[in-house]
Protein chains: 2
Amino acid sequence: MSIFFSRQCEYAIQSAIYIAQKPAGQWTTVKELTGHLNVPYHFSGKILQNLSRKGVLISMKGTRGGFALAKPARDVTLFDIVDAVDGSAFHKACVMGFPRCGDGHECSLHDQWGILREKIYKMLVKKSLHDLAHDMNKPGYQILPDALKNSLK
Amino acid sequence: MSIFFSRQCEYAIQSAIYIAQKPAGQWTTVKELTGHLNVPYHFSGKILQNLSRKGVLISMKGTRGGFALAKPARDVTLFDIVDAVDGSAFHKACVMGFPRCGDGHECSLHDQWGILREKIYKMLVKKSLHDLAHDMNKPGYQILPDALKNSLK
DNA sequence: TTGAAATCAGACAAATTAGTCTGATTACTA
DNA sequence: TAGTAATCAGACTAATTTGTCTGATTTCAA
């Protein structure tokens with residue numbers, strides 16, 4: 001049970017936050033990212049390419065290339081990332097998997113779960129990458145264990 | 001993104017509800033279950049065996065055998081099922097996958113998600129199989145599409 | 001203009017999850 | 001007591017997700 005998002009989605013979120021923490025206009029390479037983030041190098045490449053295909057990031061090839069946000073961090077929500085990677089099936093599907101739920105034959109949890117799901121959705125939509133980047137820069141917050149941080153290139 | 005529970009867990013929940021709808025003391029065979037529930041026959045067997053190993057169900061071999069609840073339906077919560085199948089990692093793990101979150105280096109969503117997660121947990125703990133079985137017996141509720149229901153043995 | 005450093009593309013491998021098959025064992029019934 | 005219908009166990013296959021590898025292309029800088 002990967003908690004709520006797929007692992008790929010977790011990686012994407014963490015990557016986006018990392019990129020958003022840097023001054024706008026700077027490019028971030030896969031190498032730098034995976035040095036800070038404990039995401040497998042090549043997998044990271046794939047994920048970032050995917051995000052740029054989806055319009056969340058932009059990329060530049062070449063020596064001074066890398067990835068950057070396609071829009072200002074204030075204008076990208078957490079939901080945008082999740083939606084780009086995992087889709088938004090959790091909006092629709094029955095939490096217990098009953099096929100007719102939401103179809104006039106709602107399951108016993110339908111309403112309760114609907115309320116919670118909506119709260120989760122609002123949480124995702126209200127958090128911008130700017131918020132996240134800002135929060136996670138504060139002292140108590142930290143993206144990685146020190147051990148890993150020290151071992152970066 | 002399998003919404004929230006693994007598919008196996010969804011099957012387990014649906015099966016448990018089905019069994020709980022029958023009068024106490026009756027045995028339910030895999031054949032009957034999969035006739036009503038659209039769960040692959042052999043996979044269903046595995047899942048039910050697993051649930052009985054975990055103490056949620058009991059089983060009896062032989063001609064008139066099958067599976068039944070190990071305890072009264074009022075005493076089995078939805079959380080018991082989920083916990084038996086998927087575990088309860090969602091209690092602990094960071095929703096965005098940050099390794100140090102919950103360790104003094106909380107992520108930006110930690111508190112908000114904690115509140116929602118607790119509500120989800122309460123929802124699971126408060127729903128007994130008896131509640132579920134009762135609710136899903138009401139007219140508007142229905143476990144399966146008619147088409148499937150009609151094609152049962 | 002050449003070399004280095006980056007993305008990009010796609011095939012491949014490994015791990016996990018989902019689903020299938022077969023044969024053994026058990027218990028009821030005729 | 002023999003046959004049937006069920007669980008049980010475990011090996012196997014298939015599908016999905018995760019992760020790896022290689023080579024091509026692009027861009028910059030010496």
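In the text below, chain A, chain B and the rest are named by the order of the sequence lines, each starting its count at 1. For the numbers below, each heavy atom of this structure counts, side chains included, while hydrogens, waters and symmetry mates do not.
Rounded to whole Å, the distance from CG on N50(B) to C1' on dT7(D) is 15 Å. Atom CG of D86(B) is separated from atom C1' of dA18(C) by 13 Å (rounded to the nearest Å). Going from atom CD1 of I47(B) over to atom P of dT17(C) covers 14 Å, rounded to whole Å. The separation between L33(A) atom CG and dA5(C) atom P is 19 Å, rounded to whole Å. Distance, F5(A) CZ to dT17(D) P: 16 Å, rounded to whole Å. Distance, H42(B) NE2 to dG23(C) P: 12 Å, rounded to whole Å. In this structure, the CD atom of E10(B) is 15 Å from the P atom of dT17(C), given to the nearest Å. Atoms CZ (F43(B)) and C1' (dT13(D)) sit 13 Å apart, rounded to a whole Å.
Legend: residues meeting salt bridge (charged side-chain N to carboxylate O under 4.0 Å, His left out) with D83(B), ordered by chain and number and at least two apart, are absent.
Note: F4(A) and W113(B) have tilted aromatic rings, judged against thresholds of 30 and 60 degrees for the angle between ring planes. By the 30° and 60° cut-offs, the orientation of the rings of Y18(A) relative to H36(A) is tilted.
Looking at every heavy atom in both residues, R117(B) comes nearest to K92(B) through NH1-O, 3.9 Å. In this structure, V39(A) and S44(A) approach most closely via the heavy-atom pair CG1-CB, 3.9 Å.
Comparing dC28(D), dT7(C), dC21(C) by their nearest atom to the side chain of T63(A) picks out dC28(D). The side chain of R53(B) lies closest to dA9(D), out of dA9(D), dC28(C), dC28(D). In the set dC8(C), dA5(C), dA18(C), the nucleotide with an atom closest to the side chain of Q8(B) is dA18(C). The side chain of F67(B) sits closest to dT7(D) out of dT29(C), dT7(D), dT7(C). Out of dC28(C), dA6(D), dG19(C), the shortest distance to the side chain of T29(B) is found at dA6(D).
Between S44(B) and L48(A), the one whose closest nucleotide on DNA chain C sits nearer the 5' end is L48(A).
If you take CD1 on I81(A) and CD on E10(A), they are separated by 14.0 Å, rounding to the nearest 0.5 Å. The NZ atom of K46(A) lies 10.5 Å from the NE2 atom of H42(A); values are rounded to the nearest 0.5 Å. Going from atom CD1 of I17(B) over to atom NZ of K127(B) covers 9.5 Å, rounded to the nearest 0.5 Å.
Within residues 12-27 of chain B, no residue approaches DNA chain D, by heavy-atom distance under 4.0 Å. Within residues 55-62 of chain A, the residues that have a heavy atom under 4.0 Å from DNA chain D are, in order of number, K61(A), G62(A).
Cluster note: I58(B) groups with W27(B), M60(B) through ILVMFWY side-chain heavy atoms spaced under 4.5 Å, whether in direct contact or through intervening members.
At a threshold of 4.5 Å between side-chain heavy atoms, the hydrophobic network of Ile, Leu, Val, Met, Phe, Trp and Tyr places Y41(B) and Y11(B) in one connected group.
Sorted pairs that involve residues 51-79 of chain B and meet salt bridge (charged side-chain N to carboxylate O under 4.0 Å, His left out), not counting sequence neighbours, are lacking altogether.
The phosphate of dC21(C) (OP1 or OP2) has no side-chain N or O of Y41(B) nearer than 4.0 angstrom. When the side-chain nitrogen and oxygen atoms of Y11(B) are compared with OP1 and OP2 of dA18(C), none of them lie within a distance under 4.0 Å. For dT16(C), the OP1/OP2 oxygens have no side-chain nitrogen or oxygen of R7(A) closer than 4.0 Å.
Side-chain contact check for L37(A) versus S15(A): some heavy-atom pair is nearer than 4.5 Å.
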Using atom names, set out every protein N or O paired with an N or O of nucleotides 11-13 of chain C below 3.5 Å, distance rounded to 0.1 Å.
| unit_1 | atom_1 | unit_2 | atom_2 | d |
| --- | --- | --- | --- | --- |
| dA11(C) | N6 | K46(A) | NZ | 3.1 |

